[in-house]
Number of protein chains: 2
Amino acid sequence: MLKPIERRSLADAVYEQLRDAIVSGDLEPGSSLPSERQLREQLGVNRGALREALKRLEEARLVRIRHGGATEVLDFREHAGTSLLEDLLVAPDGSVRTRVARGVIEMRAALAPDIARLAALRGGPDCTERLAEQLVALREADGVLNQQRVALEFWATLVDASDNLAYRLAYNSLREGYVRFMHLLSPVLADEVGDVDAYQSIADAVAAGESEAAYDQAKALLARGTGTMTALMDAVGRQQTETP
Amino acid sequence: MLKPIERRSLADAVYEQLRDAIVSGDLEPGSSLPSERQLREQLGVNRGALREALKRLEEARLVRIRHGGATEVLDFREHAGTSLLEDLLVAPDGSVRTRVARGVIEMRAALAPDIARLAALRGGPDCTERLAEQLVALREADGVLNQQRVALEFWATLVDASDNLAYRLAYNSLREGYVRFMHLLSPVLADEVGDVDAYQSIADAVAAGESEAAYDQAKALLARGTGTMTALMDAVGRQQTETP
DNA sequence: GAGGTCAACTGGTATGACCAGTTGGCCGGA
DNA sequence: TCCGGCCAACTGGTCATACCAGTTGACCTC
């Protein structure tokens with residue numbers, strides 16, 4: 001099974017390097033970045049590529065650029081948005097930050113019940129139909145990884161039915177980080193995605209418009225993965241007491 | 001009361017224009033953008049500024065750039081992350097999109113109880129202390145707007161205590177859009193931020209480590225704003241049936 | 001000491017050239 | 001006819017250089 005070669009433009013490489021330096025604390029919040037001309041030279045790239053990277057850092061609220069003044073490093077905990085989550089999920093050395101992953105799992109568990117509730121209130125017949133199809137696919141899926149994939153689609157259907165753009169965008173953000181490490185979370189979520197009956201219950205409640213039932217069913221289902229994750233973290237112990 | 005003059009670089013202006021064109025559907029998903037040389041000429045800017053804007057669009061997952069190939073417009077509903085939320089909250093003409101605002105209010109209500117719950121489980125004495133200070137400030141605050149501001153800080157304390165980076169980043173993202181239109185939401189949230197006793201109850205539960213109580217109290221408090229928002233949308237009716 | 005001036009920074013914009021990857025049509029051989 | 005390589009004409013990526021525009025702080029004047 002071959003994987004597509006991932007490419008990185010110079011601007012991307014510069015962005016990643018500066019981002020990691022900021023997130024790791026090597027560049028302290030409140031301090032100033034060297035001037036673009038100096039940075040350009042240190043990094044060995046042209047100023048245009050550097051500026052593209054700086055613009056992205058500004059967009060992510062990791063730095064604050066002022067025309068005529070210095071470029072200031074910001075505290076990412078204070079200012080950065082959800083877009084940073086997928087970057088923080090994996091450390092520069094490639095390992096997954098368990099602490100961050102736990103946070104994602106918890107957030108997922110907090111949002112999912114309300115998504116199911118709203119889907120029950122606002123979903124139409126096309127939603128019901130899609131859920132039915134995906135339940136069939138879920139039953140037929142072989143292997144935890146494929147089950148995870150179908151479950152992801154199942155939730156996408158509910159998110160769309162909830163008619164809530166904030167949920168849709170949050171779903172996209174979480175998914176972005178999730179798919180990259182889906183295989184690592186397989187043991188954590190195997191229990192959850194294997195319980196097709198629970199998904200069936202949610203789909204039934206949504207189809208019937210029973211919002212509270214949908215809420216409760218979703219909450220019960222997600223609690224499994226969350227519990228497994230918490231237990232796993234307790235077992236592994238403290239290998240992540242430092243930043244971030 | 002004077003306001004600071006907001007500046008826009010060329011790259012920012014280009015970004016906003018292209019973003020609005022994509023979000024509004026003028027640039028259809030799947031279609032290709034003109035080449036950088038053509039766009040540069042149409043917009044009357046240099047290629048560097050245009051490329052900085054395109055890089056940001058790519059970061060926001062509104063377009064997909066391929067070296068040697070065309071730049072493709074993506075479906076923002078399918079790919080964009082939470083960072084787009086603050087942009088979508090306000091239409092190009094400056095009005096607030098009620099539908100999007102409702103989504104934000106709902107998401108807030110879904111996250112807050114779990115944040116309070118985790119804060120109760122993981123918060124330390126410094127959290128308790130800060131909450132006490134903020135409660136004093138909340139009682140002393142005059143005007144709904146100031147109450148909203150203090151309440152925002154109150155929640156920031158809880159978010160930090162929850163020791164969940166995903167929540168912190170989501171909080172930052174939501175806050176970004178919220179503060180810009182805080183005054184418009186004053187009537188919606190006046191009831192909520194005025195009930196200092198409810199905040200007191202949450203703080204007490206968190207200080208005592210009673211996670212379920214904190215959860216319930218937060219849920220009850222947030223339900224007010226959510227209910228008002230829903231009622232408001234029903235009253236105003238359908239002026240937002242179209243995109244997005 | 002208050003206030004204005006100015007030089008030496010900073011980032012912002014502009015131009016033109018060339019490098020690198022993609023696409024599709026053309027052309028020669030099987 | 002069809003397959004294959006080849007090549008020209010796109011596309012985005014990188015580069016060097018110059019100059020414009022805003023900020024800062026030292027200095028000078030009153």
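Order of the sequence lines sets the chain letters (A, B, ...), proteins ahead of strands, with each chain counted from 1.
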(message) Looking at A/Glu41, I'd like to know if its CD atom is crowded, meaning that more than 12 non-hydrogen atoms belonging to other residues, nucleotides or ligands lie closer than 6.0 Å.
(response) no

(request) Under 4.0 Å from any heavy atom of chain A: name the first and the last nucleotide of DNA chain D that qualifies, 5' to 3'. (result) D/dT14 to D/dT23

(request) Taking salt bridge (Lys or Arg N to Asp or Glu O under 4.0 Å) as the test, write out the residues that go with A/Arg122, two or more places apart. (result) B/Glu106

(request) May I ask you to list the residues of residues 65-75 of chain B, by number, that have any heavy atom positioned under 4.0 Å from an atom of DNA chain C? (result) B/His67, B/Gly68, B/Gly69

(request) Evaluate the side-chain proximity of B/Leu135 to B/Val150: yes if any heavy-atom separation is below 4.5 Å, no if none is. (result) no

(message) Checking B/Arg56 now: which residues fulfil salt bridge (Lys or Arg N to Asp or Glu O under 4.0 Å) with it, not counting sequence neighbours?
(response) A/Glu59, B/Asp12

(message) Once you apply a heavy-atom cut-off of 4.0 Å, does B/Arg8 come out as touching a base, just sugar-phosphate, or nothing?
(response) nothing

(request) Give the angle between the helix axes at the two ends of the helix from C/dG1-D/dC30 to C/dA30-D/dT1, taking five base pairs at each end and rounding to 10°. (result) 0°

(request) Take B/Leu39 and B/Ser35, measure what side-chain contact (heavy atoms from CB on, under 4.5 Å) needs, and give me the verdict at the end. (result) CA-CA 6 Å; B/Leu39 266 181; B/Ser35 74; over 6 Å; no

(message) Once side-chain hydrogen bond (donor to acceptor under 3.5 Å, both in side chains) is applied, do any residues pair with A/Ser186, and if so which ones, sequence neighbours excluded?
(response) A/Gln148

(message) Assess, by modelled atom type and distance only, whether the side chains of B/Asn164 and B/Arg168 contain a donor and an acceptor separated by less than 3.5 Å.
(response) no

(request) Could you note down all residue pairs passing ring pair (Phe, Tyr, Trp, His ring centres under 6.0 Å) where residues 14-52 of chain A supplies at least one of them, sequence neighbours left out? (result) none

(request) Output all residues satisfying side-chain hydrogen bond (donor to acceptor under 3.5 Å, both in side chains) with B/Ser32, sequence neighbours left out; order by chain, then residue number. (result) none

(request) Show your reasoning for whether side-chain contact (heavy atoms from CB on, under 4.5 Å) applies to B/Phe76 and B/Leu88. (result) CA-CA 11 Å; B/Phe76 73 94; B/Leu88 285 174; 4.0 Å; yes

(request) Applying side-chain hydrogen bond (donor to acceptor under 3.5 Å, both in side chains), name anything that partners A/Glu36, two or more places apart in sequence or on another chain. (result) A/Arg47, A/Arg51

(request) Find the distance A/Leu57:CG to C/dG11:P and express it as a whole number of Å. (result) 13 Å

(request) Any pair with a residue in residues 127-144 of chain B that passes salt bridge (charged side-chain N to carboxylate O under 4.0 Å, His left out), sequence neighbours left out, goes on the list, sorted by first then second residue, please. (result) B/Arg139-B/Asp197

(request) Look at the side-chain N and O atoms of A/Arg37 and state whether any lies under 4.0 Å from the OP1 or OP2 oxygen of C/dA8. (result) no

With a cut-off of 3.5 Å and sequence neighbours excluded, list every side-chain donor-acceptor pair involving residues 61-72 of chain B.
unit_1  : atom_1 : unit_2  : atom_2 : d
B/Arg61 : NH2    : A/Glu86 : OE1    : 2.7
B/Arg64 : NH1    : B/Glu72 : OE1    : 2.9

(message) With the threshold set at under 4.0 Å for non-hydrogen atoms, list the residues of residues 45-54 of chain B touching DNA chain D in residue-number order.
(response) B/Arg47, B/Arg51

